[in-house]
Structure formats: structure tokens, C-alpha cells
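Structure first, then comments.
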Number of protein chains: 2
Amino acid sequence: MPDEIPDIVVGRLPVYLRALMRMAQESREITSSHELGQRLGISSAQIRKDLSHFGEFGKQGTGYQVKFLVEQLRRILKVDAEWGVALVGAGDLGRALAHYGGFANRGFRIVAVFDNDPAKIGMKLTGGLAVQDSSRLSDAIRQSGWKVAMVAVPADQAQAVADKLVEAGVQAILNYAPITLVVADGIRVQYIDPVVHLQRMTFYL
Amino acid sequence: MPDEIPDIVVGRLPVYLRALMRMAQESREITSSHELGQRLGISSAQIRKDLSHFGEFGKQGTGYQVKFLVEQLRRILKVDAEWGVALVGAGDLGRALAHYGGFANRGFRIVAVFDNDPAKIGMKLTGGLAVQDSSRLSDAIRQSGWKVAMVAVPADQAQAVADKLVEAGVQAILNYAPITLVVADGIRVQYIDPVVHLQRMTFYL
DNA sequence: TAGATTGTTAATCGATTAACAATC
DNA sequence: TAGATTGTTAATCGATTAACAATC
């Protein structure tokens, strides 16, 4: 039970889940902490320790039922139901996200796309969503109760967008703008900046 | 000097650099570990400790010259010159990356785009690059000596693409496919999977 | 039974923080 | 000088690993 789960443990669970879903897809019925660790480049002890925070999911001598562990991780991560995600920004990146097929079955669906560019408002995206005026953002989020949003606007607009999202009730933001956001306590933010990731590697070259 | 810098320290440097470049853009000439820490939600002690691995960049009583520290971090991260980046995959995401303006000035430029879809090969992208046949990938990389690549292909092709890249001499891969890659020792891989990032937050909701 | 693998404990390892002398 | 902030040390805190009893 969530005594106090370290963030770093929570951060690994989605990676475990992703690998396990892939195993399930490959019709592997059973796996072990050793096998999973090899696939992921993580020690088997760490996998067992991480899982032990949440319960006992394996069998001595046998390992883990892949399907069962997938179910459990989905439940733990709260992606056993689907979250509606508001997307702000309908530029190249925003549209690529709107079209991305990888959200399905993993707990998320983009339910609305906003932009403040008159040239983009009204645009019909593949998948059926139309780009809405950002001025409708607060109302739409408040009415629908969406808790998760993605920000794909230019850096100089990202903080203002985040402020509006949080004020409308959003509690988790995935930010693609290359800037660190300042948000209230309890609001979660994750960052995706390809340049940051690239720079983490060039150091070693 | 690089005794043995912890990965986790290297991982924070690009975030420091990003914030400092922003400060420079805002014409802030001086900053302190305290101010930078506040912006980033990190303790001032950690920032000073991290920087101390590489030298002494500040002045007691004053703080850090923003421009100077930017220069130093760019040098440390080896992004004071520009890396040519090969991009594999010209789907929605690949094209969004090819059009992305955020690489400029931060050490990277996409120099080639590959895809194996005949319908996409030859396509002219904004910015002037044409999509090349993946069959040319190995030769092109070997001839040009590119060391950095981004992978934006479907999950089931990503490992094969990574293998080809590494074989051709690539040493750093930014992987957008939702799968953990297996690569030889010494090859760096970073992962961007929006679903993983979202799942890291829903746990707390 | 023999072999395998879990869940957990204790030991090790590493990272963060607090504190402060040095000094601008 | 008085105030501020660095770079660094030592203490604290937390995460990883190794080892193994339990048991399938």
C-alpha cells in the first residue's frame, strides 16, 4: 500500500508496464524479474524491490504471470481507465500528438485541442477533433473535469497556458515547451525537450 | 575535470543551461545559485555542488556571470559546436521534428531524414531536406560521420533501425519509439515516450 | 525431491543537504 | 567595513545491491 512510494520507483513502473505489455503482445505468459531486468538493463533485485512496495505479484520458483502483472501495474498507475487529455497548441508538434496512435490502450485519449491562432481554429484534425479557440480552454476544462493536459506551445506562452490550465483544475501537465514551469504544490509537471535529452548524451561523446 | 561525474549530475546540466540561456535572452547579466534554484525548483546547494565538479565559475558575494556560465556549460556538454543529427522516420512525428525550430543555437541540426515508405521518399520538407530511402542510411552515416540520431519509427522497427545506426557509427540515439532498445556498451540512448511521462503523473492523481 | 525464483533484510553505495570558512 | 554568495566539507538521507530463507 502507498506508505510513501519514492518518486524514482513510480518513475520506473511505466517502463515495466510497457515492456510487459509488449511481452503480452508476444504471447509470453510468464516472466521473471531476471528476464525483465535483462530486457530493460535493470537489476532483478531492483524490479522485485520496486514491485514489493505495492504487494506480492509473483510466485517463488515460477516468476510473474505477464497478464496479471500488467493488470496490477495498470491499476497502480491508474491507467486501467482512460484519462481525457487536453492538448494546447496545434502547431506541427501538437498535430503530430493529436494523430499519434500510441495513446490508445495505454490510458489516455486526446479529447480536445486548443490554439490561439485564428488560422488554425476550426481546423479539422485526423481523428475527428477540431481545433478550438484557446479562449474556450478554461470553460471547457472546468466543465469536463479534465485533469491531464499537454502543452505544445512556444516557450514564451507556456507559463501563461500552464497557469490557465491549473486554474481550471488540471493537475498533471506534460510540457513540450523548452522552459521550466512554476506551478503550485501538488501540481505534477513532466518535461519533454529533445534538446535536453540530446545534451545529456553529447557530454559523453 | 571529469574524474567521474555522476550521470544524474550530467542530466541536470542541460536544464541549467536552458534556464541560463533564457536569462541571457532576458538580458540578466548576473545570477546566483539561489535564484537559479528557485526558478528550477532545486536547492542552491545542489547547483553549486553540481557545478563544482567542473570548475569554479562564480564569485563569492556576487554569483555567476550568466553569459560566462552559459559558455562554460556549452563547452562541458560539447554543444559549443553543432552536431549533425540523422533522423529516421518521416511520419507525423518525424516531420514535426524536422520542422522544429528549437534545435538551432542549442547544438543540433537535423542534416538528413530517412524513411522506408516509397510514398514518403523524395518528399521535400520545409527547411529544404528531402526524405531519403532508408537503404541509404548506413552509407550516408558512415560517409558523413554523424554520431547522433533520432528514431521516430514504429515500435516494431525501432530495434532494427537502432542496430543499423550503431553499426554505421552512431553513438547517441534519441528514441521516440515506445520500446527499450538493446545496444552495445558505450552507446547512449535517451527515451521520449509521452505515455511513460503521463503515467508517471497519474499515479499521484 | 531438485531447481528456480520470489519477497525481504541488512549492508553498501551514492546523492543531497546543511553549514561555514573564504572572500568578493 | 558589512552583506552576500561561493566552493567545499561532513553529516544526513535515501536508493541500490547482495544474499538468503521461504516456497512453488
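Keep in mind that this is a model prediction, so the values were computed, not measured. Only this structure's heavy atoms are used, side chains among them; waters, hydrogens and symmetry mates stay out.
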Could you measure the distance from the [atom1] atom of [X] to the [atom2] atom of [Y]? Nearest 0.5 Å is fine.
X	Y	atom1	atom2	value
A/F108	B/Q199	CZ	CD	5.5 Å
B/I141	B/W146	CD1	CH2	7.0 Å
A/M150	A/Q190	CE	CD	13.5 Å

What is the distance from [atom1] of [X] to [atom2] of [N], rounded to the nearest Å?
X	N	atom1	atom2	value
B/D50	C/dT16	CG	P	7 Å
A/H34	D/dA18	NE2	P	13 Å
B/I47	D/dT5	CD1	P	13 Å
B/L51	D/dT5	CG	P	16 Å
A/I30	C/dT5	CD1	P	11 Å
A/L40	D/dT16	CG	P	14 Å
A/Q65	C/dT6	CD	P	13 Å

Just wondering, do A/I30 and A/V66 contact through their side chains at under 4.5 Å, heavy atoms? no
Select base, sugar-phosphate, or nothing to describe what A/S44 touches, counting heavy atoms under 4.0 Å on all strands. nothing
Tabulated below should be each protein N or O lying under 3.5 Å from an N or O of nucleotides 20-24 of chain D; please produce it.
from	atom 1	to	atom 2	distance (Å)
D/dT23	O4'	A/Q60	NE2	3.3
D/dC24	O4'	A/Q60	O	3.3
D/dC24	O2	A/Q60	O	3.4

Pair assignment for D/dA22, Watson-Crick or G-U wobble, requiring both distances under 3.5 Å: C/dT5
Watson-Crick or G-U wobble partner of D/dG14, both distances under 3.5 Å: C/dC13
Between B/D163 and B/Q159, is the side chain to side chain donor-acceptor pair (under 3.5 Å) condition met? List the steps. CA-CA 6 Å; B/D163 292 343; B/Q159 182 64 57; 2.9 Å; yes
So which nucleotide from C/dT8, D/dT6, D/dT8 ends up closest to the side chain of A/S52? C/dT8
Looking at B/Y64, does any N or O in its side chain come under 4.0 Å of the phosphate oxygens OP1/OP2 on D/dA4? no
Please state whether the phosphate of D/dT17, meaning OP1 or OP2, lies under 4.0 angstrom from any side-chain nitrogen or oxygen of A/S43. yes
Reading nucleotides 10-15 of chain D from the 5' end, what letters show protein touch, with B for base, S for backbone sugar-phosphate only, - for no heavy atom under 4.0 Å? -----S
Got a salt bridge between [X] and [Y], using NZ or NE/NH1/NH2 to carboxylate O under 4.0 Å?
X	Y	value
A/D50	A/R12	yes
A/D193	B/R106	yes
A/R39	A/E26	yes

Does B/G84 offer a backbone N or O that forms a donor-acceptor pair with the side chain of B/R109 under 3.5 Å? no
